[in-house]
Amino acid sequence: MTDVILRISGMDCGACAVRIVRALRGLPGLREVSVSDTSGCARLTYDEAAVDLGEIARCVQCAGFDVPVGTAELRCPGADAGAEARLRAVFGVRSVARAGDTFTVTLWPVGTDAGALPAVLGPGAELTAQHGGEEALQGRTRQRLARRLGLGVLLTALMLWRLPVLVQLALAAAVLFGTGAAHWRGTWRALRGGSLGPDAPGLLAALILFAYSTYAAFTGLQPCFPAPCGIVCALLAGKCAAQLARGRLHAPVQRLWHLRQRTATVVRGGAEVQVDADTLTPQDVVRILPGERIPVDGIVCSGACTVDASALMGASRLEEKAVGDPVLAGALNRAGSASVTPTAVGDATVLQRTIAALQRAQTVRTPEQERLERAASRLTALLIILAAGVGAVWFFRRQPGDLTRALTCACGVLAAVCPGAAGQAAGVAALAGIGRAAERGELLMHGAEAPAAQKTARTVRRCGWLLLAYHAVCLPLAACGVIGPAAAAVLACGASGGVLLYALRGNGTKGERP
């Protein structure tokens with residue numbers, strides 16, 4: 001059985017994770033699967049003889065999501081005929097293309113280190129370029145959302161210049177169905193999965209206002225095209241905030257990943273040579289020079305050095321290491337030089353085990369997140385019924401026959417709600433706490449239930465109370481017509497972004513290393 005963590009892009013809410021799980025469970029040979037929409041990854045346990053990564057990726061794509069592959073370019077002068085086959089045999093390699101001494105390798109997003117591929121080719125091989133992957137995809141996604149948000153705001157601002165009604169209709173359609181296309185796709189996926197999705201109330205309000213404004217444009221009434229555009233822009237701003245939060249959640253893994261030292265200086269035959277750190281044996285003697293990171297876990301056998309392990313264990317003080325003292329891979333040698341006998345190399349080091357434990361913990365959806373998302377799905381349906389009731393009260397009792405007022409108040413209630421924010425905040429708070437525990441060296445000692453779990457629970461409760469207070473204030477204002485639909489959507493975006501920011505930073509305490 002093979003246990004991997006696969007990166008998946010395009011997930012917006014818990015309904016996306018449920019849809020992927022349902023799609024993957026139909027594959028033969030797949031024993032266990034857990035998907036986290038907050039971290040954007042899935043943990044899979046499968047039998048390689050029955051199913052491979054290609055079939056898993058195709059199944060994910062059929063469900064409406066994507067698997068971001070990376071590309072590495074290598075050069076190896078004088079590579080033999082079996083070099084291409086050796087690269088294909090490396091786990092995580094999707095395909096290999098050779099052109100002379102240049103190799104183009106496509107990698108699945110399962111944590112395969114492109115920097116280790118030159119060692120597969122042999123002496124003289126080097127990694128010349130690396131493209132794509134999860135980080136590049138996240139950057140492109142943020143840029144695309146920012147461009148759509150900017151375009152939506154620009155087109156909405158143009159409508160405030162009292163343009164002809166048909167021009168406003170065209171601009172509103174471009175904003176609603178052009179820049180907001182990603183929201184419609186995400187909501188459609190959620191509906192296919194059996195839930196409404198977090199964007200459904202806002203999109204429903206925007207669609208109702210757009211339909212009424214279109215009707216008003218051809219019947220001589222007063223249209224309100226900027227209102228649905230403002231709702232879509234607020235939804236885009238909320239999605240941008242969620243993407244930024246997810247990017248911050250991946251930072252602990254990336255920081256720990258960059259602590260790895262791929263090569264080591266060893267003494268062989270009386271001379272110092274550079275070798276791949278993963279190929280070391282307990283019989284080797286590794287030289288650690290000032291300014292270098294230690295490539296292995298080991299014991300100092302000669303010399304002395306001053307080690308800084310703050311990036312790995314969270315300790316802020318320097319430690320003097322002499323003969324017989326243990327050292328950890330990833331620690332920085334600040335001063336002195338020493339020789340180290342390896343006790344653990346590669347995946348057996350504390351650094352690699354911390355990275356693996358952090359990645360495994362990030363794929364787990366917390367019970368609080370699942371409970372809040374189930375409650376949010378039911379709450380969304382109730383709020384839609386409430387909005388319909390508000391519209392009916394205005395149309396039949398408060399101002400009989402005034403359809404404009406009734407639709408404005410009903411759509412204001414729909415735009416003011418942010419039902420998915422509590423579930424997102426729970427996931428963000430849990431992953432932020434796990435990341436901080438990993439950076440302090442607590443994850444291996446306590447597992448996913450690190451001491452930050454209590455702080456995480458407290459953060460989630462506070463986020464819930466903040467959202468409850470927001471809805472208690474804004475829903476009556478929207479129902480009474482004090483705030484319009486666009487303003488309500490902006491307030492909902494601010495509330496969602498605020499609780500995400502608090503969840504991201506809420507586990508930190510004074511005096512702790514950030």
Checklist entry - Is a side-chain donor or acceptor of Ser213 paired with a backbone partner of Cys224 at a separation under 3.5 angstrom? => result yes
Next on the checklist: Using a 3.5 Å distance criterion without hydrogens, assess whether the side chain of Tyr470 forms a donor-acceptor pair with backbone atoms of Ala492.
Outcome noted: yes
Checklist outcome for this item: For residues 157-178, the ring pair (Phe, Tyr, Trp, His ring centres under 6.0 Å) pairs (sequence neighbours left out) are Phe177-Trp184, Phe177-Phe210
Item to check | Value rounded to 0.5 Å, distance of CG in Leu171 from CG in Leu163 | outcome: 6.5 Å
Checklist entry - Counting only N and O atoms by type, is there a donor-acceptor contact under 3.5 Å from the side chain of Arg19 to the main-chain atoms of Ala63? => result yes
Next on the checklist: Just verifying a value: how many Å separate Phe225 CZ and Leu169 CG, rounded to the nearest 0.5 Å?
Outcome noted: 4.5 Å
Checklist entry - Would a distance-only check, ignoring hydrogens and angles, find a side-chain to backbone donor-acceptor pair under 3.5 Å from His471 to Cys418? => result yes
Checklist entry - Is the charged tip of Arg185 near the ring of Trp188: under 6.0 Å from the six-membered ring centre and within 45° of its axis? => result no
Checklist entry - Looking just at side-chain N and O atoms, do Arg462 and Tyr502 make a donor-acceptor pair shorter than 3.5 Å? => result yes
Checklist entry - With sequence neighbours excluded, what pairs up with Ala478 under the side chain to side chain contact (heavy atoms under 4.5 Å, CB included) test? => result Val413, Ala416, Ile483
Next on the checklist: When you measure from the side chain of Asp47 to the backbone of Ala49, do you find a donor-acceptor pair of N or O atoms at a distance under 3.5 Å?
Outcome noted: yes
Item to check | side chain to side chain donor-acceptor pair (under 3.5 Å) involving Ser95 - partner list, sequence neighbours excluded | outcome: Thr106
